Amino acid sequence: MIYLFDGAMGTMLQQQDIPPGVCPESINLTHPRAIEQIHRQYVTSGADIIETNTFGANRIKLANYGLHNEVERINHAAVQAARAACGPGTKIAGSVGPTGKLIAPLGDLAFAEACDVFSQQIKALDRAGVDYIIIETIIDLQEMRAALLAAKQQSNRPVICQLSFGADGRTATGTDATTAAVVLEAMGADIIGANCSVGPENMVPIIAEFAKSCRIPISAQPNAGMPRIYNGCTVYDLGPEQMAAWVPKLVEAGATYIGGCCGTTPQHITAMAQAKTKAVEADRQLQWLPNTAVLASRSKVVAIGAGYLPTIIGERINPTGKKILAEDIRSERFIEVKKQALAQVKAGAAVLDVNVGVPSIDQSRIMKLAVEQLAMIVDVPLAIDTTSPEALEAGLQAFPGRALVNSVTGETERIAKFLPIAKKYGAALICLPISDQGIAHTAEERVRVIRQIISAAVDYGFRPDDLLLDALVLTVAAEKDAGREVLRTLRHYRRQFGNPTVMGLSNISYGLPERNVINAAFLSMALTSGLDAPIINPGEPLMAGMLAAANVISGHDERGAVFSKKYAGLRQAEQTVSSGNDTIGEIKQAVIDGEKERITALVQAALDQAIMPQTIINDALTSAMNEIGELFGQGKCFLPQVMLSAETMRAAFDILKIRLPQEATQQKTVVLATVKGDIHDLGKNIVAVLLANNGFNVVDIGKDVPAEDIVAAAAKHQADIIGLCALMTTTMPQIDHSIKLLKQAGNTAQVIVGGAVMTEEYARQAGADGYASDGIAAVLLAKKMTGDGI
Amino acid sequence: MPIYNPIIRQLDQAEVLRYAGLKSGTPFPAELVDEACMQAQLLVRPAASWAVYPYNNHDDVIIAETAVPITGAGIQKHLYGAQQIAVLAVTIGNDLEQMTADWFSNGKYTLALLLDAAGTVAVEAAADSVEQLLRQQQMQHGWYTTPRFSPGYGGWDVSVQPSILELAVAHQIGMTHTASCMLVPRKSITAVIGISTGPKEGPEPHGCLVCRMENCRIRRVSV
């Protein structure tokens with residue numbers, strides 16, 4: 001059965017002589033007959049479901065018109081107007097649009113506040129007697145989650161969730177149709193769909209993607225083509241027949257609820273009502289194999305099950321026994337947490353376990369903050385790892401996707417507290433075979449407890465493939481059969497349930513030396529016994545290697561292509577430090593090539609060969625810097641390479657300095673400053689590094705330096721050269737001013753100027769002695785002015 | 001006024017190297033770029049704020065409580081035909097800048113240079129996200145948007161910065177300016193986007209094409 005929605009309300013209101021600037025929803029109160037009239041036209045045209053004129057009737061949007069206290073009245077009046085227009089069998093969908101704000105941390109609206117705003121409107125619509133709640137034109141998955149949660153709490157009516165996608169198939173904040181389907185179906189959406197933004201042509205692939213990503217019905221309400229402005233009004237390109245021609249295609253793609261958004265008129269709906277009689281419903285099939293658990297982040301999904309590559313769940317975000325991480329969590333900085341997240345994802349983790357269990361902290365607050373930060377920086381689903389129901393709820397609420405709960409046991413209290421929260425937020429569950437009687441030790445006992453957990457979860461409305469079964473790893477050093485029972489359990493799970501399996505491995509080796517070796521062997525055996533999602537440290541080379549190799553052997557990594565890419569050519573011949581023939585030449589080349597790791601040994605080798613430090617400086621280091629300068633000038637070498645060489649040279653100097661404290665020659669002094677008003681100092685810092693490397697005594701007096709301070713510093717340090725830098729046109733006059741004051745003070749030091757906007761001509765007019773376009777030029781100029789510097 | 005903290009997941013490493021001054025295709029140790037980019041990801045706190053105003057395109061004036069005239073041929077041409085102007089402010093905060101300074105003073109010159117470049121790439125990416133969101137929002141109602149155009153480029157004097165920050169309500173994301181009209185935090189962008197009823201003919205020149213710094217070391221070769 002295909003159901004037909006109505007068309008646009010806004011477009012129709014524009015034709016009703018409503019003065020501009022009036023709140024469209026206030027018309028429900030001021031001109032209810034006009035609204036009723038529009039609804040009636042759609043009912044006459046053949047609409048099965050009409051939408052109330054309440055798209056912006058939430059208190060945030062209404063506040064723009066000073067109507068934030070009228071939410072109940074406006075929504076009630078809108079439903080009345082719709083009801084008055086209904087024919088026999090016409091249904092009413094209460095329209096709920098976006099707040100216009102983004103949910104934190106993407107925006108400044110708190111999730112709880114968003115829920116409350118939606119709850120107020122949905123409650124009013126529900127009480128006024130709508131048949132459906134339709135949440136529509138939402139561009140952010142997290143806002144949709146807040147609205148859906150509110151709808152499920154305030155109403156028993158079916159909820160339709162419609163997002164608005166761009167031409168790239170994603171919402172403005174990056175969610176694709178597959179991800180949206182997974183997240184919203186799990187949270188209890190009754191119908192999922194798309195509306196607005198794109199015309200029907202671009203909507204067809206989005207509907208097709210929905211169709212293979214969920215089991216619930218799908219709605220499609222495109223605009224009547226793309227909008228454009230004509231005579232000050234927004235108009236749409238597709239006429240009624242053109243729009244109707246897309247109806248069979250949208251139905252064929254999987255939609256069974258069809259309608260129109262902006263630009264769709266009663267004439268369009270008449271034509272679409274005709275077209276729907278010829279449409280043939282799609283035969284839908286899920287894109288995943290049976291017994292697959294699908295998790296989601298904001299913008300992608302992860303499928304876990306026997307038919308897929310093993311999924312790595314990264315275990316590192318867990319402060320147990322990690323002081324730095326614990327402090328990072330306690331201080332709410334989350335730098336280490338984020339570092340661990342990035343490193344694990346880079347190493348191949350597809351899901352990240354998040355445990356913030358630091359003693360005496362507010363775990364729910366910290367969990368919320370950590371999850372918010374992680375969701376901004378990585379694009380993988382999270383597993384919320386906690387024993388606190390409050391922290392669990394905080395984490396699941398904050399995560400804009402479908403998370404995993406780590407974990408639920410068969411304990412009566414855990415079942416009663418965790419399952420309702422997990423269900424509310426549509427999470428998947430890790431089921432651990434622990435019951436009120438304690439840990440289940442044998443495979444048979446574990447199967448029995450898991451059966452109880454599955455049965456309880458199904459009673460709470462979970463589907464079997466929402467449940468990942470944990471084989472429960474104990475310590476083999478304490479219990480000799482621990483490993484064997486896990487492997488037997490995995491095989492039982494696979495045979496008796498077929499659900500995806502999961503477990504943390506490292507417990508097995510507790511108390512033993514070379515734990516990595518035990519863990520890696522265990523991983524290999526567990527994979528063979530049916531483990532789908534190991535919880536490990538993916539950065540541990542042995543584990544990573546074992547997993548990569550297992551993927552080749554099991555045929556997941558076809559012909560070892562991934563493996564080869566990762567491991568081929570990894571072992572290179574160790575470079576010898578020095579051939580001993582031309583150590584000076586090698587030092588010079590190492591500086592030019594920026595081989596910082598090699599330079600210390602090379603300089604040491606030269607000293608061992610009784611080469612004088614001054615010879616090393618002159619013939620290797622200075623000579624290298626000269627060559628780099630030339631290469632830079634010729635455009636054959638670039639700033640990052642110059643910096644690398646500078647670091648290498650500094651490392652060499654550091655050794656030589658110890659050897660020649662007395663031999664240090666008279667250095668020329670350069671005072672460097674970025675002028676007053678200018679806070680950009682990267683360029684000046686680079687010049688300082690290069691001058692120091694070339695034997696100058698550099699006194700860097702910083703950025704935003706007043707002319708008076710430059711004069712004072714130049715006198716104090718008896719500067720031979722003064723380097724001044726300005727980056728902006730607004731600060732360039734400070735160069736003139738500083739030079740003027742220097743001259744007035746009788747300072748005879750040479751002045752070099754530079755900076756992004758500086759020119760040779762400006763420098764001359766300002767009275768400078770030289771202009772340097774870059775750091776290398778500054779060094780050359782300084783050397784020229786001082787007769788080499790050193 | 002809308003606030004949006006865009007997500008920056010991946011920094012374009014080729015762009016980081018370009019901003020650091022490396023010519024495209026020059027070999028460079030990948031681990032250094034990786035480390036700078038990872039640090040940047042840890043340190044950036046992208047935030048954006050914007051507001052849309054009517055535009056008098058006859059007299060080139062943004063109509064607001066205090067009207068802001070648009071001066072400079074390049075920007076006037078860019079906004080020609082616009083009926084509304086979106087004024088935006090974007091920053092990645094101060095932490096990255098602090099780390100750059102720390103690394104420089106600890107002798108990690110190369111990483112400092114790369115981190116600074118990564119900050120530039122990050123703030124540009126954040127501004128791209130905001131621009132894209134604005135474009136999608138406007139297109140939904142049939143409006144077309146120009147690419148963003150920032151003070152200080154194409155002859156548009158930076159002295160307009162204080163007015164632009166005020167129009168963008170930038171104080172709500174912690175952005176200010178110095179007396180010399182530099183943005184604080186340093187890794188920040190302000191810009192305007194013209195909103196009009198139809199697309200302009202041909203792509204609007206922007207970026208390096210409108211910049212007068214002809215000897216800029218990171219100027220794209222293709223320009």
Side-chain angles (χ1 to χ4, degrees), chain A residues 100-102 104-108 139 164 166 172-174 196-197 226-230 234-236 262 298 335 338-339 342-343 346 375-379 594 635 637-641 643-644 646-647 650 676-682 685-686 689 704 727-731 734 756-757 773-774, chain B residues 2-10 17 20-23 26 28-29 32-34 38-39 41-43 46 83 100-101 104-105 107-114 116-117 132-133 136-137 139-144 152 157-159 172 178-182 184 186 196-198 213 215-217:
Chain A
K101 283 170 162 270
L102 286 164
L106 275 187
D108 57 347
I139 59 162
S164 190
T173 58
C196 205
S197 198
M226 295 309 284
R228 63 190 164 83
I229 307 286
Y230 182 73
T234 309
V235 296
Y236 294 83
C262 308
R298 186 194 287 281
I335 293 282
K338 289 193 278 185
K339 206 185 270 182
L342 287 173
K346 197 172 175 207
M376 290 291 276
I377 196 168
V378 289
D379 189 20
C637 160
F638 306 95
L639 195 51
Q641 296 165 307
M643 287 293 103
L644 210 49
E647 279 181 45
R650 184 177 141 136
K676 186 176 175 211
D678 210 317
I679 53 170
H680 296 78
D681 63 350
L682 187 78
N685 291 342
I686 289 168
V689 166
D704 194 13
L727 192 105
M728 311 268 287
T729 48
T730 46
T731 55
Q734 275 295 323
V757 290
S773 58
D774 54 62
Chain B
I3 283 192
Y4 175 38
N5 306 315
I7 295 172
I8 299 174
R9 287 246 169 73
Q10 282 255 301
L17 286 170
L22 198 77
K23 193 180 163 189
T26 314
F28 196 77
L32 287 174
V33 192
D34 276 346
M38 192 190 81
Q39 273 298 336
Q41 275 187 284
L42 295 175
L43 296 169
Q83 297 180 357
T100 307
F104 234 110
S105 51
K108 295 180 176 177
Y109 313 133
T110 318
L111 277 174
L113 177 72
L114 292 171
D116 183 81
Q132 195 190 342
L133 183 67
Q136 278 190 19
Q137 282 182 349
M139 273 182 75
Q140 215 162 330
H141 304 290
W143 294 94
Y144 289 83
D157 200 282
V158 289
S159 60
Q172 58 181 353
T178 64
S180 52
C181 295
M182 290 189 186
V184 179
R186 223 158 48 77
S196 58
T197 54
M213 289 259 307
N215 55 359
C216 168
R217 67 183 165 82

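Note that the structure is a prediction, hence the values are computed from the model and not measured. In the text below, chain A, chain B and the rest are named by the order of the sequence lines, each starting its count at 1.
- Neither the backbone nor the side chain of A/V235 comes within contact range of chain B; no heavy atoms are under 4.5 Å apart.
- The distance from the CG atom of A/D108 to the NZ atom of A/K101 is 4.0 Å, given to the nearest 0.5 Å.
- Using a 4.5 Å cut-off between heavy atoms, B/Q41 touches chain A through backbone and side chain atoms alike.
- Between A/F638 and B/G21, the closest heavy-atom pair is CB-O, 3.2 Å.
- For B/L133, the part sitting under 4.5 Å from any heavy atom of chain A is the side chain, from C-beta outward, and nothing else.
- Only the side chain of B/F28 comes within contact range of chain A, judged by heavy atoms closer than 4.5 Å.
- If you tally non-hydrogen atom pairs under 4.5 Å between each of A/T731, A/D704, A/N685 and chain B, the highest count goes to A/N685.
- Taking the side chain as every heavy atom from C-beta outward, A/R298 and B/I7 approach each other to under 4.5 Å.
- Within the 4.5 Å cutoff, the side chain of A/Q734 has no heavy atoms near those of the A/D678 side chain.
- Proximity to chain A is absent for every atom of B/S105, based on heavy atoms less than 4.5 angstrom apart.
- The part of B/L43 that comes within reach of chain A is its side chain, from C-beta onward, which places non-hydrogen atoms under 4.5 angstrom from that chain.
- Applying side-chain contact (heavy atoms from CB on, under 4.5 Å) to B/L17 and the options B/L32, B/L22, B/T26 leaves one that passes, B/L22.
- Only the side chain of A/S164 has a heavy atom closer than 4.5 Å to any heavy atom of chain B.
- A distance of 5.0 Å separates CG of A/L639 from CG of B/L113, quoted to the nearest 0.5 Å.
- Here A/V689 is the residue among A/T234, A/L342, A/L727, A/V689 with the most heavy-atom pairs under 4.5 Å with chain B.
- For A/A375, the part lying near chain B is the backbone, with the side chain staying farther off; criterion is any non-hydrogen pair under 4.5 Å.
- Within 6.0 Å of atom NZ in A/K338, more than 12 heavy atoms from other residues, nucleotides or ligands are found, so the atom counts as buried in its surroundings.
- Between chain B and the residues A/T173, A/L102, A/D379, the most heavy-atom pairs under 4.5 angstrom are made by A/D379.
- Note on A/I139, A/V378, A/T729: by heavy-atom pairs under 4.5 Å with chain B, the leading option is A/V378.
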- Item | Stepwise side chain to side chain contact (heavy atoms under 4.5 Å, CB included) check, A/I229 with B/Y144 | CA-CA 9 Å; A/I229 307 286; B/Y144 289 83; over 6 Å; no
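- Interface residue A/I377: backbone and side-chain heavy atoms are both found under 4.5 Å from chain B.
- The contact between B/Q136 and chain A is made entirely by side chain atoms (from C-beta outward), counting heavy-atom distances below 4.5 Å.
- With rounding to the nearest 0.5 angstrom, the CG atom of B/L111 is 12.5 Å from the CG atom of B/D116.
- Interface residue A/C196: only side-chain heavy atoms are found under 4.5 Å from chain B.
- Counting all heavy atoms, side chain and backbone alike, B/T100 lies closest to B/A112 at CG2-O, 3.4 Å.
- Of the possible donor and acceptor atoms, none in the side chain of A/R228 sits under 3.5 Å from a partner among the backbone N and O of B/W143.
- Within a 6.0 Å radius of CE in B/M139, no more than 12 heavy atoms belonging to other residues, nucleotides or ligands are found.
- When the candidates B/A179, B/G107, B/A101 are compared by the number of heavy-atom contacts under 4.5 Å with chain A, B/G107 comes out ahead.
- Using a 4.5 Å cut-off between heavy atoms, A/Y230 does not touch chain B at all.
- Within the 4.5 angstrom heavy-atom criterion, only side-chain atoms of A/M226, from C-beta onward, approach chain B.
- A/K676 does not touch chain B: none of its heavy atoms, backbone or side chain, sits under 4.5 Å away.
- Of the two parts of B/P46, neither the backbone nor the side chain holds a non-hydrogen atom closer than 4.5 Å to a non-hydrogen atom of chain A.
- The side-chain heavy atoms of A/L106 and B/Y4, taken from C-beta on, include a pair separated by under 4.5 Å.
- Partners of A/E647 according to the side-chain hydrogen bond (donor to acceptor under 3.5 Å, both in side chains) rule, which considers only residues two or more places apart in sequence or in another chain, are A/K596, B/T110.
- Of the listed residues (A/P105, A/G174, A/G594), the one with the most heavy-atom contacts under 4.5 Å to chain B is A/P105.
- Interatomic distance, CE of B/M182 versus CE of A/M728, reported as 4.5 Å (0.5 Å rounding).
- In this structure, chain A has no heavy atom under 4.5 Å from any part of B/Q83.
- Contacts of A/P640 with chain B are made by both backbone and side-chain atoms, with heavy-atom separations under 4.5 Å.
- Interface check for chain A: of the options B/Q39, B/M38, B/Q10, B/Q132, the most heavy-atom pairs under 4.5 Å are formed by B/M38.
- For chain B, no part of A/D774 is nearby; none of its heavy atoms comes within less than 4.5 Å.
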